[in-house]
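Order of listing sets the numbers, starting from 1, for every ligand and every atom in it.
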Amino acid sequence: MIPRHLPRHLLRGVAASTALLVGLSASVHAAPAVDSAVYAVIPRPVVLTPHAGHFTLTAKTSVHADPAFTAVGHRFARDIANATGFDLAVVSSSAAAPDVIRLVRVRGADTTALGAEGYRLDVTTTGVTVRAAHAAGAFYALETLKQLLPVAIFRDAPISGVRWDAPAVHIEDTPRFSWRGAHLDVSRHFMPKEFVKKYIDLLARHKMNRFHWHLTEDQGWRIEIKKYPRLTDVSSCRTQTLVGPHVSDPAKQVFDGKKHCGFYTQDDVREIVAYAAQRYITVVPEIEMPGHAQAAIAAYPELGVRRDTTVGVMQVWGVSEFILNADDSTVGFMQDVLREVLTLFPGPYIHVGGDEAVKTQWKASPQIQSRIKALGLKDEHELQSWFIGQMGTFLTKNGRRLVGWDEILEGGLAENATVMSWRGMDGGIAAAKADHDVIMAPGSHTYFDHYQSRDRAKEPLAIGGFLPMDTVYAFEPVPASLTPAEARHVLGAQAQLWTEYIQDAKQLEYMAYPRMSALAEVLWTTTPRRDFTDFMARMSTHVQRLDALDVNYRR
Ligand code: ACM
């Protein structure tokens with residue numbers, strides 16, 4: 001066993017972090033002073049001009065929505081109903097009237113200016129007007145409006161004595177990046193459906209739009225596949241789990257003696273995908289191959305290289321050396337799995353992993369070696385690329401796009417592949433230069449499983465590393481070495497929440513927040529508007545929202 005991403009990428013992370021720092025004090029402009037306690041919007045809007053006075057939301061306020069935005073209007077009305085006790089009328093009309101929240105759909109040149117996710121928001125003493133070209137923009141405008149209202153708007157029942165005042169303001173806002181993501185590993189520790197929804201809901205409140213759902217691993221298979229029931233019948237459970245810090249000596253390993261189980265039925269998946277879609281979040285499923293596949297091999301030993309060995313679901317952390325073989329039947333099996341995945345996830349991107357595929361079993365296997373020769377390949381790296389390429393061709397034929405961790409570069413990139421750069425930024429740079437899209441996910445700035453303090457003794461046990469919130473905030477996803485054309489391949493970035501040492505939802509929230517709030521601003525707000533001091537001032541209000549939402553953020 002090899003420990004997952006220790007210490008190699010931690011060392012890389014240290015080297016990368018100084019190069020990636022952006023000027024944190026660069027955003028002092030001659031704009032009117034904005035009271036960050038009154039306008040505590042996170043992520044920070046691109047243009048925010050305060051005005052005098054406020055709008056008061058009452059039971060008589062109604063929502064006038066363009067027909068394209070009525071669903072957004074209803075969601076807003078439902079979302080604030082518990083806290084306010086108001087049952088706002090939502091009317092399909094964008095006519096102006098007093099005491100109305102208007103959702104106006106713009107046309108013509110404004111459509112280009114606002115794009116798929118941008119909006120304008122005007123709060124005046126008589127009403128609120130939202131302008132957007134698409135529903136996502138209208139949704140984000142109303143998320144901003146909620147942040148302008150008292151923090152009690154995030155509670156689930158009316159708190160007495162609250163006046164629902166929003167300060168008058170003009171806001172113009174569009175995101176810097178189209179991929180504003182967060183990953184969640186539900187394989188090392190299963191996370192219940194209710195929590196997955198809460199995680200998604202919190203992302204939406206931060207205007208994030210990609211949920212990368214890491215569904216399969218050595219330590220558990222978590223998605224129902226009808227054609228291959230043993231994947232969940234057998235491999236959604238492990239009999240026990242390693243406790244305490246990483247120890248490689250099996251004689252010194254201590255286990256909890258408890259079964260750990262869980263998976264999502266296809267109906268659970270549909271429910272979560274729909275829940276995310278209502279919040280303008282695309283779910284990106286990840287099915288790992290050819291490595292990180294011990295659970296799959298435990299269910300179907302014929303997928304493995306060592307047919308003489310039966311192996312169970314992994315009970316310790318680190319990377320298993322059990323790897324898929326490269327038979328046509330195994331390629332067909334994984335394509336069958338993807339075929340079902342495609343029916344559940346309508347989004348354009350399907351992640352096939354590709355990271356940390358240990359090649360020792362491939363090197364030792366005469367069958368694999370003759371397969372490499374028969375396919376006219378040079379080595380095991382090229383075999384991995386061939387394997388991933390089979391998935392890429394399949395996905396392209398089905399109108400989807402393959403995403404893989406940066407190891408998919410090693411034996412040649414599959415056509416159309418999008419690269420997720422985790423071992424620093426170099427993989428992303430190489431992919432962008434090769435004309436491929438890139439999502440930045442470097443350990444140095446986006447691995448939220450790392451410690452939040454140098455004083456580890458005061459923190460819950462974590463995998464290692466050190467990633468405080470200010471380092472997250474300083475992340476610059478576009479490397480300076482890219483030309484403008486290459487830089488356009490950087491779709492954005494995302495947080496990683498690996499769960500070897502994260503056992504439940506409350507600990508997950510502790511690792512995710514407030515760092516996720518910082519990353520949300522990195523991915524939405526233009527660089528000159530990023531200012532850590534100003535961000536921290538707004539955070540003092542924002543944490544009250546997290547409190548109201550019962551988020552166990554690190555204080
Ligand atoms: C990874 O952390 N193995 C992508």
Contact atoms of ligand 1, heavy-atom distance to W422 under 4.0 Å: 1 (C), 2 (O), 3 (N), 4 (C)

Any N/O of D355 closer than 3.5 Å to an N/O of ligand 1? yes

Measuring from atom OG1 of T216 to atom CH2 of W221, what distance do you get when rounded to the nearest 0.5 angstrom? 5.0 Å

Using the ring of each side chain (for Trp, its six-membered ring), is W405 parallel, tilted or perpendicular to H351, with breaks at 30° and 60°? tilted

Quick one: does E356 get an N or O within less than 3.5 Å of an N or O on ligand 1? yes

Within a radius of less than 6.0 Å around NZ of K506, do more than 12 heavy atoms belonging to other residues, nucleotides or ligands occur? yes

Atoms of ligand 1 close to Y447 [distance to a heavy atom under 4.0 angstrom, numbered from 1]: 1 (C), 2 (O), 4 (C)

Is the shortest side-chain N to carboxylate O distance from R339 to D336 below 4.0 Å? yes

Show which atoms of ligand 1 fall inside a sub-4.0 Å distance from at least one heavy-atom site of W498. 1 (C), 2 (O), 4 (C)

Might you work through the side chain to side chain donor-acceptor pair (under 3.5 Å) test for T330 and D327, ending with a clear yes or no? CA-CA 5 Å; T330 298; D327 293 355; 4.8 Å; no

